2 protein chains.
Amino acid sequence: MANNSVMEDTLKVLKDHKLRVTPQRHIILAYLASHHNHPTVETIRDGLSKELPNMGSSTIYNTLNTFVEHRLVVELQNGDGSTHYDYFGTPHYHAICTNCGKIVDVTYPGFSKDEKTLEERTADISGYMISGNHMEVYGLCPECQVKLGVKK
Amino acid sequence: MANNSVMEDTLKVLKDHKLRVTPQRHIILAYLASHHNHPTVETIRDGLSKELPNMGSSTIYNTLNTFVEHRLVVELQNGDGSTHYDYFGTPHYHAICTNCGKIVDVTYPGFSKDEKTLEERTADISGYMISGNHMEVYGLCPECQVKLGVKK
DNA sequence: TTCCTATGTTGGAATCATTACAAAGTAATT
DNA sequence: AATTACTTTGTAATGATTCCAACATAGGAA
């Protein structure tokens, strides 16, 4: 389970966002901050079954929706039918495998600048007042390249 | 409804992709190619109720899934709970209103090059064999800026 | 500390988009 | 024109997500 510093950090995050601190919120956020597995609601429920065996799915949905509204977390679809969640501690985007659904975080030096450029350009063109973006890149993960016998 | 040249063009597109040409596929693709309203399955059903009154939702889902697999069409979520579809005739990305869900197409000179750069960089970093990407930018559309009384 | 109230949690029911399936129809090839 | 694999259709099934009402509690006020 999450170590103490993750628990302290996530507690601070909740307070900074003026969210009422409940055990459920705190543990779910700590789970997300310490796992980079892009879990679904079910994955989170299973992962926290020791700590909070009676936590209902509704609570997880409610909590995640709250986090998404506060921009602590982003939603991802990988084509398997349910939504995956990712703690957004540092700016990054996602590469998603079109065969197995595996999601990995990607970033590079200058990514934040590129993001900002895209947002400014979009504001100029569309007239929207931009508040965020999502970028996803699709392809075959290394394992599936081998599994399917494709060659580069 | 779609004019003749759209019907001819979409017929060619179906044949080029070696898709069996059925009235349903042809009319749905022509609808998508001539409307830039990012319709849902229901919107398409309503829009084509004159031409094909007996077309079932299953057919629309089947057809759209086929088009997505062939990369003729992309799926979009705007937060209203159902999936929106967009004919992908020319490269572009989307700006989505976080208040009303309105989706607009955006592009700019050099967008295709930027896309390619992103894909190559992602391949290098992640090891994925890249086949495509989606970019979305979120914010308030001009109407909702006025409606909500926000100022730039 | 204790009380109070707004807010959060729970679990089960309800909803709604999407898929599965089997029967009937049809495009395109021989 | 016959054949066959593929498509359409309607309905049933699925499954993720939301709704709701009762209960619980975090955190501020006294």
Side-chain angles (χ1 to χ4, degrees), chain A residues 7 10-31 38-46 48-49 51-70 72-86 101, chain B residues 7 10-31 38-46 48-49 51-70 72-86 101:
Chain A
M7 292 304 279
T10 49
L11 182 59
K12 181 172 184 331
V13 170
L14 289 176
K15 288 185 173 171
D16 286 350
H17 283 261
K18 306 220 186 305
L19 289 168
R20 188 188 278 189
V21 178
T22 67
Q24 291 84 350
R25 284 181 177 172
H26 195 181
I27 290 180
I28 291 172
L29 189 60
Y31 178 91
H38 308 91
T40 63
V41 165
E42 274 312 300
T43 310
I44 294 170
R45 190 220 256 286
D46 293 347
L48 298 178
S49 60
E51 285 87 347
L52 290 174
N54 297 320
M55 183 166 58
S57 299
S58 309
T59 302
I60 306 181
Y61 278 106
N62 287 339
T63 302
L64 290 170
N65 286 341
T66 301
F67 290 167
V68 169
E69 284 162 18
H70 283 260
L72 299 175
V73 161
V74 295
E75 295 182 339
L76 299 169
Q77 317 285 338
N78 72 344
D80 72 354
S82 63
T83 303
H84 295 246
Y85 294 86
D86 185 30
Chain B
M7 292 305 279
T10 49
L11 181 59
K12 181 171 185 331
V13 169
L14 289 175
K15 289 185 172 171
D16 287 351
H17 282 263
K18 304 224 186 305
L19 288 168
R20 189 188 275 186
V21 177
T22 67
Q24 291 83 350
R25 283 182 177 169
H26 195 180
I27 290 179
I28 290 172
L29 189 59
Y31 178 90
H38 308 91
T40 63
V41 165
E42 275 311 300
T43 310
I44 294 171
R45 190 219 257 284
D46 293 346
L48 297 178
S49 60
E51 286 87 346
L52 290 174
N54 297 321
M55 183 166 57
S57 298
S58 309
T59 302
I60 307 180
Y61 279 107
N62 286 340
T63 302
L64 291 170
N65 285 341
T66 301
F67 290 166
V68 169
E69 283 162 18
H70 283 260
L72 299 175
V73 161
V74 295
E75 294 181 340
L76 299 168
Q77 318 284 340
N78 73 345
D80 72 355
S82 62
T83 302
H84 295 247
Y85 295 87
D86 185 31

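The sequence lines fix the lettering, A, B, ..., with proteins before strands; numbering per chain opens at 1. Just so you know, these numbers come straight off a predicted model, no measurement behind them.
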Next on the checklist: So, taking the atom named CZ in A:Arg25 and the one named OG1 in A:Thr63, what distance separates them when rounded to the nearest 0.5 Å?
Outcome noted: 6.0 Å
Item to check | Between NE2 on residue A:His70 and CG on residue A:Asp16, distance to nearest 0.5 Å | outcome: 12.0 Å
Next on the checklist: Nearest to the B:Val21 side chain among C:dA28, C:dG11, C:dT9, which nucleotide is it?
Outcome noted: C:dA28
Next on the checklist: Counting the atoms with a prime plus P, OP1 and OP2 as sugar-phosphate, which does B:Ser57 contact under 4.0 Å by heavy atoms, base, sugar-phosphate, or nothing?
Outcome noted: nothing
Next on the checklist: On DNA chain D, compare the nucleotides closest to B:Ile60 and A:Pro23; which residue's is nearer the 5' end?
Outcome noted: B:Ile60
Checklist entry - Checking all strands, does B:Thr83 fall into the base, sugar-phosphate, or nothing category for heavy-atom contacts under 4.0 angstrom? => result sugar-phosphate
Checklist entry - Counting side-chain heavy atoms from CB outward, which of D:dT7, C:dT10, C:dA28 is closest to B:Thr22? => result D:dT7
Next on the checklist: When the axes are fitted on five pairs at both termini, how much does the helix from C:dT1-D:dA30 to C:dT30-D:dA1 curve, in 10° steps?
Outcome noted: 40°
Checklist outcome for this item: Atom CD1 of A:Ile28 and atom P of C:dT9 are separated, to the nearest Å, by 8 Å
Next on the checklist: Need one value for B:Asn62: base, sugar-phosphate or nothing, where a base atom within 4.0 Å counts as base even if backbone is also close, heavy atoms only.
Outcome noted: base
Checklist outcome for this item: Of D:dT8, C:dT10, C:dA20, the nucleotide closest to the side chain of A:Gln24 is C:dT10
Next on the checklist: If you define the side chain from C-beta out and look only at heavy atoms, does anything of B:Tyr31 sit under 4.5 Å from B:Thr43?
Outcome noted: yes
Checklist entry - Of the candidate nucleotides D:dG27, C:dA27, C:dT10, which contains the atom at the shortest distance from the side chain of A:Arg20? => result D:dG27
Checklist entry - How long is the gap from CD on A:Glu75 to NE2 on A:His38, to the nearest 0.5 Å? => result 13.5 Å
Checklist entry - Starting at CG of A:Leu64 and ending at P of D:dT18, how long is that distance when rounded to a whole Å? => result 10 Å
Checklist entry - B:Leu48 CG to D:dT8 P: how many Å, rounded? => result 13 Å
Item to check | D:dT18 OP1/OP2 closer than 4.0 Å to side-chain N/O of A:Tyr61 | outcome: no
Item to check | Minimum-distance nucleotide to A:Thr63 side chain [options: C:dT9, D:dA26, D:dT7] | outcome: C:dT9
Checklist entry - What residues, two or more places apart in sequence or in another chain, satisfy side-chain hydrogen bond (donor to acceptor under 3.5 Å, both in side chains) together with B:Arg45? => result B:Ser57
Next on the checklist: If I take atom CD1 in residue A:Ile44 and atom P in nucleotide D:dT17, what distance separates them, rounded to the nearest angstrom?
Outcome noted: 11 Å
Next on the checklist: In this structure, how many angstroms lie between the P atom of D:dT25 and the CG atom of A:Leu52, rounded?
Outcome noted: 12 Å
Item to check | Candidate list A:Leu72, A:Leu76, A:Leu64, test side-chain contact (heavy atoms from CB on, under 4.5 Å), partner A:Tyr85, passing option | outcome: A:Leu64
Checklist entry - Side chain of B:Ser58, base of C:dA20: donor and acceptor closer than 3.5 Å? => result yes
Checklist entry - Roughly how many Å is it from CG in A:Asn54 to P in D:dA24, rounded to a whole number? => result 13 Å
Next on the checklist: Expressed as a whole number of angstroms, how long is the span from A:Arg45:CZ to D:dT17:P?
Outcome noted: 13 Å
Checklist entry - Can you check the A:Arg25 CZ to D:dG27 P distance for me, whole Å? => result 10 Å
Next on the checklist: Return the CD1 to CE distance between B:Ile27 and B:Met55, rounded to the nearest 0.5 Å.
Outcome noted: 7.5 Å
Next on the checklist: How long is the straight-line distance from NE2 of B:His17 back to NZ of B:Lys12, given to the nearest 0.5 Å?
Outcome noted: 9.5 Å
Checklist entry - Just checking B:Asn65: base, sugar-phosphate only, or nothing, at a heavy-atom cut-off of under 4.0 Å? => result sugar-phosphate
